[in-house]
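Here's the structure, in structure tokens; my notes come after.
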Amino acid sequence: MVSTQAWTDAQRLWDFQRMGQEPRPCSVAVGLGSHDLGVADVTADLYHRRMMPLIVFTGATSRTTKERMPRGEAEHYQERAVQLGVPAEAILMEPKARNTGENIRFSRALLESRRISVSSVLLVSKPYEERRAHATARKLWPGIEWVSASTPMTLPQYVDSIQNARLVIDMLVGTQQRLMVYPHQGFMIEQEVPDDVVEAYERLRSQGFTSRLMPQAPERST
């Protein structure tokens, strides 16, 4: 049972992660691999809206995807996008990345190896990781324009799609922790985190929404 306060705090983290950027035409889209096939769905929709001529799907497997996506996240995303009408020749697959940093670095290397000129990227992620993905991309691939995109869903709709409210809140808390500590470790640009977001994060953490936290990590970067 999730308390009313926990739902309020989870909504605050969700709202902070969503960047609210309007999709616009870019050189390429990079779809970040995960358990969520909705990333492939929204990337395909953006392709059909002529937002980019080329897609990179990036991702190996993880503990949350090895059973659902045994051939790797990138390949399962590619299959999904083709089912949704995207031409196979418009998709490149990067099958080795196991975290967001590798998603960005390996996708960049793949595009550079193909001599594909990139000035802007539509960065497609899970809804609750827009800000984290954007901050990582700007750190690891500076000098280009990044536009964040994800499935246009509310928090209740996303919880309904996952069918596990505690897991979704755990993931929100883990994402928020990384957003606060990774800049100090050089993995992403610094983000200004409002006090009410920090307070919501700390309340959820104290209530046991901790399964996606990094162990013994400081709460803020300095």
Side-chain angles (χ1 to χ4, degrees), residues 17-62 65 68-153 157-158 161 175 187-189:
Q17 283 291 334
R18 301 300 296 273
M19 297 190 67
Q21 295 182 328
E22 188 69 26
R24 52 187 179 274
C26 290
S27 306
V28 63
V30 173
L32 303 179
S34 73
H35 64 273
D36 187 350
L37 273 175
V39 173
D41 292 356
V42 73
T43 305
D45 178 67
L46 290 166
Y47 177 85
H48 291 308
R49 291 165 57 190
R50 300 183 183 275
M51 293 294 173
M52 68 289 189
L54 182 67
I55 297 166
V56 177
F57 286 130
T58 167
T61 58
S62 69
T65 63
R68 290 186 61 201
M69 303 179 186
R71 296 186 307 281
E73 296 153 6
E75 185 169 337
H76 284 268
Y77 276 23
Q78 189 262 0
E79 289 177 356
R80 178 71 167 184
V82 169
Q83 291 171 359
L84 294 172
V86 178
E89 59 269 23
I91 303 172
L92 298 177
M93 287 189 291
E94 185 294 297
K96 296 181 180 180
R98 295 187 180 276
N99 56 56
T100 307
E102 289 184 352
N103 288 143
I104 303 302
R105 292 191 290 107
F106 295 173
S107 295
R108 179 182 185 179
L110 175 62
L111 290 163
E112 289 177 347
S113 74
R114 300 292 186 96
R115 294 183 170 83
I116 295 169
S117 177
V118 176
S119 61
S120 55
V121 176
L122 264 172
L123 185 62
V124 189
S125 67
K126 299 186 292 295
Y128 63 87
E129 287 200 335
E130 279 192 14
R131 187 175 295 275
R132 174 189 169 192
H134 191 268
T136 303
R138 287 183 58 194
K139 177 70 176 183
L140 299 179
W141 194 352
I144 64 171
E145 180 185 10
W146 292 95
V147 181
S148 291
S150 67
T151 307
M153 301 176 79
Q157 288 171 335
Y158 193 77
S161 74
T175 295
F187 298 150
M188 63 175 65
I189 64 168

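These numbers were taken from a predicted model, which means no experiment stands behind them.
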Please find the pair of heavy atoms, one from [X] and one from [Y], that lie closest to each other, and give the distance.
{"X": "A133", "Y": "T100", "value": "CA-CG2, 4.2 Å"}
{"X": "E94", "Y": "T58", "value": "OE1-OG1, 2.5 Å"}
{"X": "T151", "Y": "G38", "value": "OG1-O, 3.4 Å"}
{"X": "I91", "Y": "F57", "value": "CG2-CD1, 3.7 Å"}
{"X": "S150", "Y": "P127", "value": "OG-CA, 3.4 Å"}
{"X": "I144", "Y": "V118", "value": "CG2-O, 3.7 Å"}

| Is it true that atom CZ of R138 has more than 12 heavy atoms of other residues, nucleotides or ligands lying nearer than 6.0 Å? | no
| query | For atom CZ of R50, is the number of surrounding heavy atoms from other residues, nucleotides or ligands below 6.0 Å larger than 12? | reply | no
| Q78 side, atom CD; R71 side, atom CZ - distance, nearest 0.5 Å | 10.0 Å
| message | Name the residue from V121, V56, V28 that meets the side-chain contact (heavy atoms from CB on, under 4.5 Å) definition with S107. | response | V56
| remark: Y158 meets the ring pair (Phe, Tyr, Trp, His ring centres under 6.0 Å) criterion, sequence neighbours left out, with W14, Y128
| Are W141 and L111 close enough that some pair of their side-chain heavy atoms sits under 4.5 Å apart? |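 Yes, at least one pair of side-chain atoms sits under 4.5 Å.
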| message | Less than 4.5 Å apart, side chain to side chain, heavy atoms only: is that true for E102 and K96? | response | no
